[in-house]
Amino acid sequence: MYKVLIADDEGIALCSLSYIIENTWKDQCTVRSADTGRTVIEIAETFRPDVAVMDIQMPGINGIEAIKEIRKFSPQTLFIIVTAYDQFDYAKEAIDLGVLCYLTKPLDRDKFVDVMNGAFAQIDREKTKRSNDLKIWEKLETVVPMIESGFVYSLLLRDSTDDDIARYKQLLDITEDAGYVILIECGDEPEKTEAEKESGAAGSDPLENTIGTGIRIQKYYPRFRSFLKDSIPNIIVGQIVMNKIPAVVPHSMEKSSYSERIAVIDRLRRVVQQMEEKTGSVFRVGIGNVCPLGDMQQSFSTAMQSLHVGNDKVSHADDLPVVCEYEDNYPLNLEKEIFDAVQKGNRETAEKSSSVFFDWMVETYEPKNDSSVRLKALEFVLWSEHLSFYDGGLGVYRMTDRGNYLDEAQNLDIASLKKWYVSKIGRAAGKLKTKTRSRADSLIDAAKRYIDTHFQNDISLDDISQELDISPYYFSRIFKEEAGVTFVEYLTNVRMDKAREMLRNPEISVKDIGSAVGYQDANYFSRIFKRLEGRTPTEYRGENS
């Protein structure tokens, strides 16, 4: 249904235009009319026409001025001017106003019908576009929170590669390479002492009924997300887990400025108030320190500590003793680079960065603080190996394996100490890189040994997986990746190799050979042999005996 408004000070013109519209488009149009500029504006305010057919010269407010006024509250209305005044100034002003068409009287009926059809077609296109836009918006309202939550948890769990993070940044239109974590928790207020009641402090005691509260507030999540988005526009909000909502705020600086920190605290205090009024539960917020996006676990840790240490509704890590502070010239970024490289198994970067760090220590502290250099070198070696042991890279941990480390750190000359320190850190990284390959190689070697000694038995994928103490799905995948054939194909090849060897001895029957290599059905053995060899066992024997 199209809404059409006709404005003309001539009654005959109004009747004529109404007749054409009602007879051409019948019940597809609702028609209203006006004979003055003021009336047409008043009707348009409530009617909101799709198309307005306007005369220019009307009593009081003329058509051009009426169009200007209607445009303010009904910008989607299409205007068609029908006038007896074919003057350039009017036509130019109409074009400037975006009028769809400028027709002169006497009106050509066919031309008017064509123009109206064009207007209705444009309206249909715009309605379809708006409908599609709304559908896309509706989908985005569902999809974007899922993408944001995935991004938050991938950062906190360190479950994403650099390419994954870059993709998330592109999807969420994030340009910053750093950020900080906001952690919101809820529960019931713990019992307070009289002193705490008098002070009005939030208290740092753990909240109570956290599981029950976490379940109860799930239905409020969209509202919480809206509160946070309204307060901190670029915030990326994760899903509720237990009684906590994690969020990441992209940031471009190494540290939040004082004014920025205070502003964020104030905004979050208002958010907490809104959440508490909505749910009747108690909320606290911990804000972590600014870190590179790849180090959001550190910001999460300081946000969690802020919740436990702070006594306010909103606590910031930079205000509390939860962040380690370093001397001004300490190359913290280089230290992070070393241990990131170790954890990623990047031996080359680990060795290069550790070498640069050692040179900085020697240049800055040696020889006056020689012992500090040696202790720091030992600390870095031990921590690198800790990371590698923790992730399974260095295999079995034994207390006695590093019994000589302290002696070497104390007594080696500086050049030898550097070589020892760099090689140990590089080894820790290298072992992490090769641990998956080593594990796979070990499993495949064990599987092949088992098959080679048990091929004559009725062995299955489940049998060998149980023998190796790994799931059959994992074993099947890595066997194909490492051996280049499936477990069944490898077993069949081993059996056929043994069968070909036995067929060279004419004293052993084909049936016995089939049984000896794991096939109790002689016919089935013959079919498998022929499919792989291109001839029957008997034919093979005749050609090779």
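Values below: every heavy atom of this structure, side chains too, minus hydrogens, waters and symmetry copies. This is a predicted model, so every value here is computed, not measured.
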Of all pairs that satisfy side chain to side chain donor-acceptor pair (under 3.5 Å), the ones with a partner from residues 450-459, not counting sequence neighbours: none
Chi angles and distances behind the side-chain hydrogen bond (donor to acceptor under 3.5 Å, both in side chains) call for Tyr540, Arg504: CA-CA 9 Å; Tyr540 180 87; Arg504 293 187 175 92; 3.2 Å; yes
Output a table of donor-acceptor pairs, distance under 3.5 Å, between side-chain atoms of residues 239-249 and any protein atom two or more places apart or on a different chain; print 'none' if there are none.
residue : atom : partner : partner atom : Å
Asn243  : ND2  : Cys186  : O            : 2.7

Side chain to side chain contact (heavy atoms under 4.5 Å, CB included) between Leu503 and Val510, worked out: CA-CA 7 Å; Leu503 284 167; Val510 171; 4.3 Å; yes
Non-hydrogen side-chain atoms of Arg531 and Arg527 separated by less than 4.5 Å: no
CG on Leu375 to OG on Ser372, rounded to 0.5 Å: 6.5 Å
Whether over 12 other heavy atoms sit under 6.0 Å from Tyr365 OH: yes
Leu172 side chain near Ile147 side chain, heavy-atom distance below 4.5 Å: yes
CA sep, side-chain torsions, deciding dist, call: Arg374, Glu379, salt bridge (Lys or Arg N to Asp or Glu O under 4.0 Å): CA-CA 9 Å; Arg374 294 177 182 276; Glu379 175 193 331; over 6 Å; no
Arg541 side, atom CZ; Met502 side, atom CE - distance, nearest 0.5 Å: 9.0 Å
Heavy atoms from other residues, nucleotides or ligands near NZ of Lys376 exceed 12 (cutoff 6.0 Å): yes
Intermediate values then yes/no, salt bridge (Lys or Arg N to Asp or Glu O under 4.0 Å), Arg269 and Asp312: CA-CA 10 Å; Arg269 288 177 68 86; Asp312 296 317; 5.3 Å; no
Distance-only criterion, 3.5 Å: show the donor-acceptor pairs between side-chain atoms of residues 415-423 and protein atoms not counting sequence neighbours.
residue : atom : partner : partner atom : Å
Ser416  : OG   : Asp413  : OD1          : 3.2
Ser416  : OG   : Asp413  : OD2          : 3.0
Lys418  : NZ   : Ser355  : OG           : 3.2
Lys418  : NZ   : Asp359  : OD1          : 2.8
Lys418  : NZ   : Asp359  : OD2          : 3.3
Trp420  : NE1  : Glu408  : OE1          : 2.9
Tyr421  : OH   : Ser354  : O            : 2.9
Ser423  : OG   : Lys419  : O            : 3.1
Ser423  : OG   : Trp420  : O            : 2.9

Within-4.5 Å side-chain heavy-atom neighbours: Gln274 and Arg223: no
Test side-chain hydrogen bond (donor to acceptor under 3.5 Å, both in side chains) applied to Asp512 and Ser509, step by step: CA-CA 5 Å; Asp512 289 342; Ser509 70; 3.1 Å; yes
side-chain hydrogen bond (donor to acceptor under 3.5 Å, both in side chains) between Ser465 and Asp462, intermediate numbers included: CA-CA 5 Å; Ser465 298; Asp462 288 336; 5.3 Å; no
Interatomic spacing from OG in Ser315 to CD1 in Ile265 - rounded to 0.5 Å: 8.0 Å
Glu363 atom CD: more than 12 heavy-atom contacts under 6.0 Å: no
N/O donor-acceptor pair under 3.5 Å between Asp463 side chain and Ile459 backbone: no
Approximate separation, where rounding is to 0.5 Å, of His251 NE2 and Glu176 CD: 8.5 Å
Rounded distance [0.5 Å steps], OH in Tyr473 versus CD1 in Ile478: 15.5 Å
Modelled atom types, side-chain donor and acceptor of Arg216 and Ser281, under 3.5 Å: yes
Steps toward side-chain hydrogen bond (donor to acceptor under 3.5 Å, both in side chains) verdict (Tyr330, Glu335): CA-CA 9 Å; Tyr330 187 87; Glu335 176 182 308; 2.2 Å; yes
Donor-acceptor under 3.5 Å (Thr364 side chain, Trp360 main chain): yes
Ile451 side chain reached by Phe487 side chain, heavy atoms, under 4.5 Å: yes
Test item: Ser154 side-chain N/O and Phe151 main-chain N/O as donor-acceptor pair under 3.5 Å: yes
Ring pair (Phe, Tyr, Trp, His ring centres under 6.0 Å) between Phe283 and Phe224, intermediate numbers included: CA-CA 11 Å; Phe283 286 82; Phe224 294 165; 5.5 Å; yes
Minimum side-chain heavy-atom gap Met496-Phe525 below 4.5 Å: yes
Between Tyr405 and Glu385: side-chain donor-acceptor atoms closer than 3.5 Å: yes
Under 3.5 Å donor-acceptor, Arg284 side chain and Lys313 backbone: no
Exam field: side chain Arg495 to backbone Val517, donor-acceptor pair closer than 3.5 Å: yes
Close side-chain approach of Val272 to Val282, heavy-atom, < 4.5 Å: no
Any donor-acceptor N/O pair, Thr302 side chain to Asn289 backbone, under 3.5 Å: yes
Ring centroid separation Trp383 to Phe380 under 6.0 Å: no
Interatomic spacing from CG in Asn333 to CZ in Phe357 - rounded to 0.5 Å: 11.5 Å
Step-by-step salt bridge (Lys or Arg N to Asp or Glu O under 4.0 Å) determination, Lys352 to Glu348: CA-CA 6 Å; Lys352 181 179 178 180; Glu348 182 180 354; over 6 Å; no
Side-chain heavy-atom pair Asp445, Arg449 within 4.5 angstrom cut-off: yes
Verdict with reasoning, Lys530 to Glu539, per salt bridge (Lys or Arg N to Asp or Glu O under 4.0 Å): CA-CA 9 Å; Lys530 184 176 181 180; Glu539 291 170 343; 5.7 Å; no
Verdict with reasoning, Leu155 to Gln297, per side chain to side chain contact (heavy atoms under 4.5 Å, CB included): CA-CA 7 Å; Leu155 292 178; Gln297 276 189 323; over 6 Å; no
Donor-acceptor pair, side chain of Asn493 and main chain of Tyr490, under 3.5 angstrom: no
Glu337 side-chain N/O to Ser353 backbone N/O, donor-acceptor pair under 3.5 Å: no
